[in-house]
There are 2 protein chains.
Amino acid sequence: MNTSRNNKLNPNVVGRLSLYRRILQSLAMEGQAKVFSHALAKRAGVTASQVRRDLMTIGYTGSPSSGYDVVALGEATNLELDAPTRQPVMLLGVGNLGRAVLEYFHQAHARLEMVAAVDVDPEKVGRVISGVATYSAADLPDLIKEKGIDVAILTLPASRAQEATDLIVGAGVHSLLNFTNVRLRVPDGVFVENMDIGIALAKVAYYGRREEGRRGE
Amino acid sequence: MNTSRNNKLNPNVVGRLSLYRRILQSLAMEGQAKVFSHALAKRAGVTASQVRRDLMTIGYTGSPSSGYDVVALGEATNLELDAPTRQPVMLLGVGNLGRAVLEYFHQAHARLEMVAAVDVDPEKVGRVISGVATYSAADLPDLIKEKGIDVAILTLPASRAQEATDLIVGAGVHSLLNFTNVRLRVPDGVFVENMDIGIALAKVAYYGRREEGRRGE
DNA sequence: GTAACGACGTTACGTGATTCACAACAGTAT
DNA sequence: ATACTGTTGTGAATCACGTAACGTCGTTAC
């Protein structure tokens, strides 16, 4: 809904660009200086057309003779995907999954910075987990406003997900990574990315079934 | 091709059916006996048309006067999604994320049964974590064949993901839930569902950016 | 009894995303 | 020089998917 350069790209494209960037970093480490759309596509599990089309949407241009410059293209995707400044992020719910996500941030590459974890458990509040200070849920609105937080990650129990969402969205958060199995109701203009493990399990279960008596496609 | 009900549905439909089922269970607990497509759609975050169409694809039929029977529809989705028998699942990599997934299985509803966790760390092998025995990576092919495992969950370091995949796919696994940031190369007929946290983060970061000077709305 | 309403099942349509296909062009070999 | 190869960028075509629309029918109101 918001107009600025913010929402130029749709989520699928953003996702693939992020994937390309990761592959490009990997290629750079391997010493590759140039890459063709076919090679990038193969590593990303998409078609070469798709790669070229995606790069077209961000206006990056290669050379028919040598393909794309690994470093330059990587920087182009950074420019497109990353905020010009660091983006503070908060985590809600420091359970198993929450800790796993915090751990993930150690290898953080993007401009995201985990600035606060929040939990209702008084045991956890005040402690520093994976390098992140844990606060009480009561402090949420103040935290968000003080630190200018726009992005939150929800790894809390499903039963509290909607109320927590209402609270933080009211305080200014407008982009959520939702690990709970609840479909959050949010006002227009708030972005929600669902990472629903239950649904993912249902899918692998479904396609894992084999017809009787067959083993190996 | 083969008649078996295996691949009748596409992944999106499977995902939504799983979501509907979850909502239906919740409705049943609230004592709701009937539900209209609109209500179900609202909870699922989709349109009513979408719900009706999805139910059409599984051949379930409601009544224009009273809508869908909560319990009967729940059972219909179970019938469609669940295997007739228990499905053994294995987990590869017992790190933070792996433990979070194991934890998740405690509230298991589907026919999935976590029968083994595998890790290279000798410290973990032999221990029981969240009710699941941990085995050595060396035992993988035997484990898979003994227990008839078709489904695996990958929560191991990215650097080992492809080799582990080759190994287990060779041993008969043909449906993978991949939490690593690697795009796995698998033969035709093997289903892979990617849960890429890095990409999800890139998306929320992207849409979390705000144009300068605006705060709220 | 009849009309009006509302929801379902299904078909038809629209939209957006992906793939195709090809002109243009750099490099290479002959 | 010229022909050939292989890749890019992009308009056109295709495809998949979700949405809208509509006929049907039970229920309710009057």
Side-chain angles (χ1 to χ4, degrees), chain A residues 1 7-20 23-24 27 32-70 72-74 76-77 80 183 191 193-194 199 203 207, chain B residues 7-20 23-24 27 32-74 76-77 80 183 191 194 199 203 206-207:
Chain A
M1 274 299 124
N7 288 27
K8 235 177 6 188
L9 309 175
N10 78 34
N12 288 342
V13 175
V14 172
R16 283 195 301 268
L17 287 174
S18 166
L19 179 57
Y20 301 156
I23 294 166
L24 289 165
L27 288 171
Q32 289 272 347
K34 300 283 189 173
V35 65
F36 290 124
S37 62
H38 294 82
L40 198 47
K42 190 168 184 187
R43 286 238 208 175
V46 301
T47 66
S49 283
Q50 180 88 83
V51 169
R52 294 204 298 275
R53 168 78 56 192
D54 286 337
L55 300 192
M56 195 178 83
T57 71
I58 66 168
Y60 185 83
T61 231
S63 121
S65 40
S66 55
Y68 304 98
D69 184 286
V70 169
L73 178 51
T77 57
E80 200 66 32
R183 294 295 148 146
F191 177 79
E193 173 79 3
N194 292 306
I199 285 177
K203 287 183 189 174
Y207 294 102
Chain B
N7 286 23
K8 235 179 1 188
L9 307 175
N10 78 35
N12 289 342
V13 175
V14 172
R16 282 194 301 269
L17 287 174
S18 167
L19 179 56
Y20 301 156
I23 293 166
L24 289 165
L27 287 171
Q32 289 273 346
K34 300 283 188 171
V35 65
F36 290 123
S37 63
H38 294 81
L40 197 49
K42 191 169 184 186
R43 286 237 209 178
V46 301
T47 66
S49 282
Q50 179 87 80
V51 170
R52 293 204 297 275
R53 153 153 309 226
D54 287 336
L55 300 192
M56 192 177 84
T57 70
I58 66 167
Y60 184 84
T61 239
S63 121
S65 40
S66 54
Y68 303 99
D69 184 288
V70 169
V71 172
L73 178 51
T77 57
E80 200 66 32
R183 294 295 149 147
F191 177 80
N194 293 306
I199 285 178
K203 288 184 189 175
Y206 185 79
Y207 293 103

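Reminder, nothing fancy here: chain letters follow the sequence lines and each chain counts from 1. Only a predicted model underlies this, so the values are computations on that prediction, with no experimental measurement involved.
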Could you tell me how far apart A:K34 (NZ) and D:dT8 (C1') are, to the nearest whole angstrom? 13 Å
Do the side-chain N or O atoms of B:Q50 get closer than 4.0 angstrom to the phosphate oxygens (OP1, OP2) of D:dT19? yes
Nucleotide D:dT19, atom P - distance to CZ of B:R52 in whole Å: 12 Å
Between CD1 of B:I58 and P of C:dC8 the distance, given in whole Å, is 14 Å
Between C:dT18 (C1') and A:D54 (CG): distance, integer Å: 10 Å
Could you check whether A:S65 and A:S63, counting side-chain N and O atoms only, form a donor-acceptor pair closer than 3.5 Å? yes
Using a cut-off of strictly less than 4.0 Å, decide whether B:N10 has a side-chain nitrogen or oxygen near OP1 or OP2 of D:dC17. yes
Show your working on side-chain contact (heavy atoms from CB on, under 4.5 Å) between A:R16 and A:V13 and close with a plain yes or no. CA-CA 5 Å; A:R16 283 195 301 268; A:V13 175; 3.9 Å; yes
Testing C:dC25, D:dT19, C:dT18 for proximity to the side chain of B:R53, the answer is D:dT19
Categorize A:T47 for me: base, sugar-phosphate, or nothing, with a 4.0 angstrom heavy-atom threshold over every strand shown. sugar-phosphate
Tell me whether the OP1 or OP2 atom of D:dG18 has a side-chain N or O from B:R16 closer than 4.0 Å. yes
For the side chain of A:S49, counting heavy atoms from C-beta on, which of C:dT19, D:dA21, D:dG18 is nearest? C:dT19
Which part of the nucleic acid does B:S65 contact within heavy-atom distance under 4.0 Å: base, sugar-phosphate only, or nothing? sugar-phosphate
Can you tell me the distance, in whole Å, between the CG atom of A:L9 and the P atom of C:dA17? 11 Å
What integer distance in Å separates B:L55:CG from D:dG18:C1'? 15 Å
Quick one: does B:L40's side chain get under 4.5 Å of B:L73's, heavy atoms only? yes
Can you see if the side chain of A:S37 gets near the phosphate of D:dT8 - specifically, an N or O under 4.0 Å from OP1 or OP2? yes
With a 4.0 Å cut-off on heavy atoms, is A:S66 in touch with a base, just the backbone sugar-phosphate, or nothing at all? nothing
Between atom CE in B:M56 and atom P in C:dT11, what is the gap in whole Å? 6 Å
Using the side-chain contact (heavy atoms from CB on, under 4.5 Å) rule, take A:F36 and A:K42 through it: C-alpha gap first, then chi angles, then the decisive distance, then the call. CA-CA 10 Å; A:F36 290 124; A:K42 190 168 184 187; over 6 Å; no
If you count the non-hydrogen atoms of other residues, nucleotides and ligands that lie under 6.0 Å from NZ in B:K34, is the total more than 12? yes
Can you tell me how far C1' of C:dA7 sits from CG of B:L40, to the nearest Å? 14 Å
